[in-house]
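Since the structure is predicted, the reported quantities are computational estimates derived from the model, not experimental observations. Count residues from 1 along the sequence.
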Amino acid sequence: MTVPLTPSFRLEGKRALVTGAGRGIGRAMAAALAQAGAEVVLVARTGEEIAAAAAEIGSGGSAATLDVTDLPAIARFFEQEAAFDILVNNAGTNRPRPMQDVSIADFDAVMSLNVRSAFFVAQAAARQMIAREKAGSLIHIGSQMGHVGGPNRSLYCASKWALEGMSKAFALDLAKHGIRSNTICPTFIETPMTKPFLADETFRASVLQKIKLGRLGQVEDLMGAVVFLASDASSLMTGSSLVIDGGWTAE
């Protein structure tokens, strides 16, 4: 009997796009894909930040300034780029408020970036893949809050639950083209975005009480997941989620 070979986690010859890649989770995921052999294009709104992140990654990374809330700019970007094999839909934001205090401006800001932009970036990437008859992997950065609720998180939960539904429907629409769609759903990860919230000792303690493994997440905890979903190792996985939450949603 022939011993089966583990599918490759390597990404040589693949092109990847990572949004919101200037810092935090996006930067780490861009680095992970580059370290696995992919050619990675990092995009964010801030030119200096994204250029610095690409420089740190080295020869596997290049930078492009792009505001993913600007739909005409997204269209122009994809017109100028060769087809990608991998999309990491990472750009996102949060405005924690009790539901009774959420303003229209809060709603529009969070839903515009977390849902509207994610949808149309994925659409542009998928259209490009289909036109060039390329199989591919769409990876959307969700949250544990796309699987549960949380105090002061009604708006964020709304956006991340929406992303989960979108990804599942994308998987159904795109399966016949060999394009997969999955989410990565982290718990609280220590990043520049979460730093102000986690500086509150009471809030930090409440978070740690919910994370059963007893520690906050680090960006490194997500790097293996993104390589897995981008690679042949996950070739039968679509319409699903990797929940990396230290046990938060287990109870």
Side-chain angles (χ1 to χ4, degrees), residues 7 9 14 16-20 25-26 29 32-33 68-69 71 74 78 83-94 107 110-131 133-150 153-189 217 221-251:
F9 286 79
K14 304 290 187 182
L17 174 66
V18 182
T19 69
I25 290 171
M29 291 190 166
L33 296 174
V68 294
T69 64
L71 300 190
I74 291 172
F78 279 93
F84 293 97
D85 304 278
I86 301 153
L87 166 67
V88 180
N89 228 341
N90 169 70
T93 191
N94 188 13
F107 185 96
V110 172
M111 298 301 280
S112 175
L113 184 55
N114 293 10
V115 181
R116 183 175 183 262
S117 295
F119 186 102
F120 287 105
V121 169
Q123 182 189 70
R127 283 175 170 173
Q128 193 185 49
M129 291 173 185
I130 293 167
E133 298 184 340
K134 249 181 190 289
S137 177
L138 309 179
I139 304 165
H140 317 281
I141 307 309
S143 170
Q144 64 188 14
M145 294 300 175
H147 294 262
V148 295
R153 294 295 188 280
S154 61
L155 180 52
Y156 190 70
C157 286
S159 72
K160 294 304 183 179
W161 279 78
L163 192 68
E164 288 295 316
M166 280 166 42
S167 180
K168 290 180 184 299
F170 290 167
L172 300 178
D173 286 345
L174 298 172
K176 64 185 177 183
H177 300 288
I179 301 169
R180 300 181 294 113
S181 179
N182 294 288
T183 62
I184 295 174
C185 306
T187 188
F188 284 88
I189 306 294
D221 293 314
L222 309 178
M223 293 171 77
V226 76
V227 171
F228 170 68
L229 288 179
S231 73
D232 290 343
S234 61
S235 63
L236 194 60
M237 185 173 177
T238 195
S240 193
S241 307
L242 286 178
V243 183
I244 305 174
D245 70 347
W248 184 299
T249 63
E251 66 174 359

Separation between CZ of Arg127 and CG of Leu174, rounded to the nearest 0.5 Å
11.0 Å
Just wondering, do Arg153 and Ser143 contact through their side chains at under 4.5 Å, heavy atoms?
no
Which heavy atom of Gly142 sits nearest to which heavy atom of Pro186, and what is that distance?
O-CD, 3.4 Å
Taking the six-membered ring for Trp, are Phe78 and Phe84 parallel (under 30°), tilted (30 to 60°) or perpendicular (over 60°)?
perpendicular
Evaluate Ile86 against Val18 for side chain to side chain contact (heavy atoms under 4.5 Å, CB included), listing each step before the verdict.
CA-CA 8 Å; Ile86 301 153; Val18 182; over 6 Å; no
From CD1 (Ile184) to CG (Leu229), nearest 0.5 Å:
5.0 Å
Return the CG to CE distance between Asp173 and Met166, rounded to the nearest 0.5 Å.
11.5 Å
Could you walk me through whether Met129 and Leu138 pass side chain to side chain contact (heavy atoms under 4.5 Å, CB included), step by step?
CA-CA 11 Å; Met129 291 173 185; Leu138 309 179; 3.9 Å; yes
Indicate the atoms forming the closest heavy-atom contact of Leu33 with Ala16, along with that distance.
CD1-CB, 3.8 Å
Would you compute the distance between atom CG of Leu222 and atom CD1 of Ile25 and round it to the nearest 0.5 angstrom?
5.5 Å
Under 3.5 Å, side chain of Trp161 to main-chain N/O of Val148, donor-acceptor pair present?
yes
Could you give me the CA-CA distance, side-chain angles and deciding distance for Lys168 and Thr183, then say whether side chain to side chain contact (heavy atoms under 4.5 Å, CB included) is met?
CA-CA 9 Å; Lys168 290 180 184 299; Thr183 62; over 6 Å; no
Taking Asn90 for its side chain and Gly20 for its backbone only, find out whether a donor-acceptor pair lies under 3.5 Å.
yes
Are Phe170 and Gln123 packed together at the side-chain level, in the sense that at least one heavy-atom pair is separated by less than 4.5 angstrom?
no
Flag, side chain of Asp232 to backbone of Pro7, donor-acceptor distance under 3.5 Å:
no
Tell me, yes or no, whether the heavy-atom count around Phe107 atom CZ, taken from other residues, nucleotides or ligands under 6.0 Å, exceeds 12.
no
N/O donor-acceptor pair under 3.5 Å between Ser234 side chain and Phe228 backbone
yes
Is it true that a side-chain atom of Ser231 and a backbone atom of Ala233 form a donor plus acceptor pair closer than 3.5 Å?
yes
Start with the C-alpha gap between Met145 and Trp248, add the side-chain angles, then the distance that decides, and say whether side chain to side chain contact (heavy atoms under 4.5 Å, CB included) holds.
CA-CA 10 Å; Met145 294 300 175; Trp248 184 299; 3.9 Å; yes
Side-chain donor/acceptor of Thr238 to backbone N/O of Ser181, under 3.5 Å
yes
Taking every heavy atom of Ser235 against every heavy atom of Arg180, the minimum-distance pair comes out as O-CD, 3.4 Å
Kindly give the heavy-atom pair with the smallest separation between Ala122 and His140, and that separation in Å.
CB-CE1, 4.0 Å
Nearest 0.5 Å please: distance from the SG atom of Cys185 over to the CD atom of Glu164.
4.0 Å
State whether the side chain of Thr93 and the backbone N or O of Val110 hold a donor-acceptor pair below 3.5 Å, judged by distance alone.
no
Minimum heavy-atom distance between Leu87 and Ala125, given as atom pair plus value
CD2-CB, 4.1 Å
I'd like to know if the side chain of Ser117 pairs up with that of Thr69 as donor and acceptor (distance under 3.5 Å, no hydrogens or angles considered).
no
Measure from the side-chain N and O atoms of Lys134 to the backbone N and O of Ile179, and report whether any donor-acceptor pair falls under 3.5 Å.
no
Find out whether Asn182 and Leu242 are in side-chain contact, i.e. whether some heavy atom of one side chain is under 4.5 Å from a heavy atom of the other.
no
Is there a side-chain contact between Ile141 and Met29, using heavy atoms and a 4.5 Å cut-off?
yes
